[in-house]
Amino acid sequence: MEKTIEDPPTSAVLLDHCHFSQVIFNSVEKFYIPGGDVTCRYTFTQNFIPRQKDWIGIFRCSLNWTIQLLITPDTGSIWHQVGWKTVREYYTFMWVTLPVDLNNKSAKQQEVQFKAYYLPKDDEYYQFCYVDQDGVVRGASIPFQFRPENEEDILVVTTQGEVEEIERHNKELCKENQELKDSCVSLQKQNSDMQAELQKKQEELETLQSINKKLELKVKEQKDYWETELLQLKEQNQKMSSENEKMGIRVDQLQAQLSTQEKEMEKLVQGDQDKTEQLEHLKKENGHLFLSLTEQRKDQKKLEQTVEEMKQNETTAMKKQQELMDENFDLSRRLSEKKMIYNALQREKERLEGENDLLKRENSRLLSYMGLDFNSLPYQVPTSDEGGAGQNPGLVYGNPYSGIQESSSPSQLSIKKCPICKADDICDHTLEQQQMQALCLNCPICDKIFPATEKQIFEDHVFCHSL
């Protein structure tokens, strides 16, 4: 945006409050050839008086506004649809030359010349706008462009680098356009908020004016009443004076009436004193009301302190809730560890069952080698009701060599280590494994595990293997 040495006076006045028909632009072309000076001709209307700091600027306008302006006559009713929001968005400007005699008809027609160096170089739509020294738009022209006369007959040859430069420039212009749109939305929002606040202030002003008018009317009525009474008293006084001059005999009567009026005047003075006392009483009541208001403010402060304490209690409750959540997370972690221990015990059980099967096959081989029958031996797999406490808890079918190697000492029995802590004796993990085995039912065919509470399901499952 080009500027001269001194910036023109601008303002943030909305376009809805501007008057676009006080200055009329004449002989505006549809387009001007780039590289040449442009002469702007304009005419002042009868009721417009130019001032020293008035200026004419060139503003960029949008395409939607241009189409609507070509359809609608220049009546000043659609000028708020220009492509700019305030007079600060001018591209360039020139100061207005004041005419010597405004009464002369030729002085109404003026012109100003824009130099080619300060004119736009693109082919966007622009318009002339007359702005006074207060920053208010007083006139606007039809849109025009800066382009050659026969632009469609010109063959433009560009290189690849120029094409890339043009594309980059277009992207920058698109980005700038988006930023301007965002700024426009923000300004529109601020405008709506300011208008709403202005409307509110106007309503308050109207209310106050209405109250003021009522008070003025009441005061006027009271004043008229007092003037009427005063006039009546003056008339009565004149009548009494005339009667005194005409009828000297009734002097005593008039003096009596005068004394009566003096008493009435004393009553009026007394009434005035009573009103003064009432005013003092009202002032005292006003003081009491002010004290009551002070106490209410103190109560309000106490309520605010109570609210602050409630907020602190709420913060404490949230901290306690966070602690409970942490404790719940710890319990969940411990449950996961228990599940891992259970899976490890299950794998150890499967390994032991495999070892038991190997020992059974070895035992059968040895018995066959010795010529004995495995089923005729007195040592069989003990049931859950018989004494299985003396057997190795790690072997499901007991020790197959207990009936043959009678001379072996109990110390020669293999001691299994815990698969988790590698302890030789019974540890907490072994006890947990025994408790899990007591609470679970294992399928002897597919090694599927069932809870002890689902005994009927377990029996049905085993029965399905026999079908």
Novice: Donor-acceptor pair, distance only, cut-off 3.5 Å: does the side chain of N343 make one with the backbone of K339?
Specialist: yes

Novice: Are any side-chain N or O atoms of D132 and backbone N or O atoms of D134, one a donor and one an acceptor, separated by less than 3.5 Å?
Specialist: yes

Novice: Would you sort out whether D224 and K220 count as a side-chain contact (heavy atoms from CB on, under 4.5 Å), showing the intermediate values?
Specialist: CA-CA 6 Å; D224 294 338; K220 185 177 179 181; 3.8 Å; yes

Novice: Check the pair R333 / E337 against salt bridge (charged side-chain N to carboxylate O under 4.0 Å, His left out), numbers first and verdict last.
Specialist: CA-CA 6 Å; R333 182 180 57 80; E337 293 177 355; 2.9 Å; yes

Novice: Tell me whether N328 contacts the main-chain N or O of L324 through its side chain, where contact means a donor paired with an acceptor under 3.5 Å.
Specialist: no

Novice: Given side chains that start at C-beta, do those of Q52 and L98 come closer than 4.5 Å, heavy atoms only?
Specialist: yes

Novice: Taking 4.0 angstrom as the limit, do E243 and K239 come out as a salt bridge?
Specialist: no

Novice: Taking atom CD of Q46 as the centre, does the number of heavy atoms from other residues, nucleotides or ligands within less than 6.0 Å exceed 12?
Specialist: no

Novice: Any chance NZ of K263 has more than 12 other-residue heavy atoms, nucleotides or ligands included, within less than 6.0 Å?
Specialist: no

Novice: Please check this pair: side chain of S210 against backbone of E206, looking for a donor-acceptor N/O pair closer than 3.5 Å.
Specialist: no

Novice: Ion pair present between D54 and R138, side-chain N to carboxylate O less than 4.0 angstrom?
Specialist: no

Novice: Can you spot which of Y42, Y90, F59, F144 makes a ring-ring contact (aromatic ring centres under 6.0 Å, His included) with F128?
Specialist: F144

Novice: Is any NZ, NE, NH1 or NH2 atom of the basic residue among K275 and D272 found under 4.0 Å from an Asp or Glu carboxylate oxygen of the other?
Specialist: no

Novice: Could you label the plane-to-plane angle of the Y32 and F146 rings as parallel, tilted or perpendicular, counting under 30° as parallel and over 60° as perpendicular?
Specialist: tilted

Novice: Does atom CZ of R334 have more than 12 heavy-atom neighbours from other groups under 6.0 Å away?
Specialist: no

Novice: Is the closest side-chain donor-acceptor distance between Q456 and D460 under 3.5 Å?
Specialist: yes

Novice: Would you say R60 and P120 make side-chain contact, with heavy atoms under 4.5 Å?
Specialist: no

Novice: Hey, what do you get for CD (E111) to CD1 (I56), rounding to the nearest 0.5 Å?
Specialist: 10.5 Å

Novice: Evaluate whether atom CD of Q321 has more than 12 neighbouring non-hydrogen atoms of other residues, nucleotides or ligands under 6.0 angstrom away.
Specialist: no

Novice: Salt-bridge test for E197 and K201: reply yes if a basic N is under 4.0 Å from a carboxylate O, no otherwise.
Specialist: no

Novice: Judged by atom type as modelled, is there a donor-acceptor pair below 3.5 Å linking the side chain of Q145 to the main-chain atoms of D123?
Specialist: yes

Novice: Tell me whether the count of non-hydrogen atoms from other residues, nucleotides or ligands lying under 6.0 Å of CZ in R297 goes above 12.
Specialist: no

Novice: Would you check if T45 and I24 make a side-chain contact, meaning some heavy-atom pair closer than 4.5 Å?
Specialist: yes

Novice: Taking atom CD1 of I49 as the centre, does the number of heavy atoms from other residues, nucleotides or ligands within less than 6.0 Å exceed 12?
Specialist: no

Novice: Is there a donor-acceptor pair closer than 3.5 Å between any side-chain N or O of Q109 and the backbone N or O of T43?
Specialist: no

Novice: Do the two ring centres, one from F48 and one from Y130, sit under 6.0 Å apart?
Specialist: yes

Novice: Kindly say whether Q113 contributes a backbone atom to a donor-acceptor pair with the side chain of K115 at under 3.5 angstrom?
Specialist: no

Novice: Flag the pair E285 / H281 as yes when at least one side-chain heavy-atom distance between them is below 4.5 Å, and no otherwise.
Specialist: yes

Novice: Going by atom types only, do Y225 and E229 share a side-chain donor-acceptor pair under 3.5 Å?
Specialist: yes

Novice: Go through the steps for E459 and K455 under the test side-chain contact (heavy atoms from CB on, under 4.5 Å), then give the verdict.
Specialist: CA-CA 6 Å; E459 293 176 355; K455 185 176 181 182; 3.5 Å; yes

Novice: Quick one: do E280 and K284 make a salt bridge, cutoff under 4.0 Å?
Specialist: no

